[in-house]
2 protein chains.
Amino acid sequence: MKKITIGGASKRSGVKVPTIRYYEGIGLLAAPSRSEGNQRSYEPADLRRLTFIRHARELGFEVDAIRTLLSLQDEPNQSCASADAIAKARLVEVEQRIRSLTALKAELEMMVEGCGHGRVDQCRVIEVLADHGECMHSHH
Amino acid sequence: MKKITIGGASKRSGVKVPTIRYYEGIGLLAAPSRSEGNQRSYEPADLRRLTFIRHARELGFEVDAIRTLLSLQDEPNQSCASADAIAKARLVEVEQRIRSLTALKAELEMMVEGCGHGRVDQCRVIEVLADHGECMHSHH
DNA sequence: CTACATCCTCTAGTGGCTAGAGGTGCAAGA
DNA sequence: TCTTGCACCTCTAGCCACTAGAGGATGTAG
């Protein structure tokens, strides 16, 4: 088996080199063996774990949630209820975030459209910020 | 004129007490006058400024952007092109974020629906994370 | 006068990295 | 063999926008 350097692991997993060291530091990834010259040497299993972490991060899971998901993956006989619960909670978060951002979008659109491109004292952008009663405040 | 304590300013503006002090520290809000006992004493103008800041933060503007917006508000004769540009940039950000979150939502829904609530080794949640090729990866 | 809430300053912590300093290891070309 | 130059090492500090807590002063109601 050929040794995988941290740079190689980074390229293959899509996780940046300092981030890999960071994950090791916070115990998300086990410390790998070292070469004679004290350089980290990864195995294929580490690459899979890193890729798993990256996907989970891309889906917005927090590191603590990923810790749980990883420990579940390590014990395939367990019930997947926890994994399901974590994913569902994340789904609810995402839905809430989309709703709130959609309200913001509408508000920003009104601000931008209302801007007559004149002077500040007639600018709807500044006006709305100064007096929020003018906006639809659907996100309150 | 009655003196407004930091607590009163907090209640009326909706900005937390430590956050008001923080805004003073980073120069977003001018240091107010002090009472004999060295306690901050705010004026109505400060309340308006704090409320402006809170609205802008709720709309997701960064502190630096708010700094610019505030300085624009202070000079009503200027063109509002900068305010317009800032709001437009924020709008683009929000639209991008909504698109990306919508893709995530679809992916999470697939994960959750596919979960047969059995054991981990058949769990779609874990599976998708371990092998992202299975997902639609529309956010790449 | 005595509670007790509110205020003060200061430091350190949050999450999830990222940047930089200052030094070592290693592989390929001259 | 030597040297060049990149990749690696550790460690500390910084990012954003706050938030928490220690330890003490002030202000107010009963």
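Only a predicted model underlies this, so the values are computations on that prediction, with no experimental measurement involved. To find a chain, count down the sequence lines: A is the first, B the second, and so on, and within it residues start at 1.
Comparing D:dA17, C:dC7, C:dC17 by their nearest atom to the side chain of B:V17 picks out C:dC7.
Expressed to the nearest 0.5 Å, how far CG of A:L28 lies from CD1 of A:I53 amounts to 4.0 Å.
Distance, B:K3 NZ to D:dT28 P: 7 Å, rounded to whole Å. Whole-Å rounding puts the B:D64 CG to D:dC15 C1' distance at 12 Å. Here the P atom of nucleotide D:dC16 and the CZ atom of B:F61 are 18 Å apart, to the nearest Å. For the pair A:Y22 OH and D:dC15 C1', the computed distance is 13 Å after rounding to whole Å. The distance between atom CZ of A:R57 and atom C1' of C:dT18, rounded to the nearest whole Å, is 14 Å. One interatomic measurement links the two molecules: CD of A:E58 to C1' of C:dG16, which rounds to 15 Å at whole-angstrom precision. Atom pair B:E62:CD and D:dC15:P shows a separation of 14 Å (rounding to whole Å applied). The separation between B:I20 atom CD1 and D:dA17 atom C1' is 15 Å, rounded to whole Å.
For the pair B:R40 and B:R21, the minimum side-chain heavy-atom distance is below 4.5 Å. Counting only heavy atoms from C-beta outward, the side chains of B:Y23 and B:R57 approach each other to under 4.5 Å.
Near DNA chain C, meaning a heavy atom under 4.0 Å from it, residues 31-42 of chain A has A:S35, A:G37, A:Q39 in order of number. Within residues 4-15 of chain B, the residues approached by DNA chain C to less than 4.0 Å at the level of any non-hydrogen atom are B:T5, B:I6, B:G7, in residue-number order.
Ion pairing of B:R99 with B:E95 is absent here, as no side-chain N (NZ or NE/NH1/NH2) approaches a carboxylate O to less than 4.0 Å. Note on A:D64 versus A:R67: salt bridge recorded, some NZ/NE/NH1/NH2 to OD/OE distance being below 4.0 Å. Using a 4.0 Å cut-off between charged nitrogen and carboxylate oxygen, A:R124 and B:D84 do not count as a salt-bridge pair. Of the charged side-chain nitrogens involved, at least one lies within less than 4.0 Å of a carboxylate oxygen, so that B:E109 and B:K105 count as a salt-bridged pair. Note on B:R54 versus B:E58: salt bridge recorded, some NZ/NE/NH1/NH2 to OD/OE distance being below 4.0 Å.
Residue A:K16 has no polar side-chain atom (N or O) positioned under 4.0 Å from OP1 or OP2 of C:dC17. In terms of phosphate contacts, B:R21 brings a side-chain nitrogen or oxygen within less than 4.0 Å of OP1 or OP2 of C:dC8. Contact annotation: B:Y23 reaches the phosphate of D:dC18 (side-chain N/O to OP1 or OP2, under 4.0 Å).
Contact detail for A:E24 and A:A31: the closest heavy-atom pair is OE2-CB, 3.5 Å.
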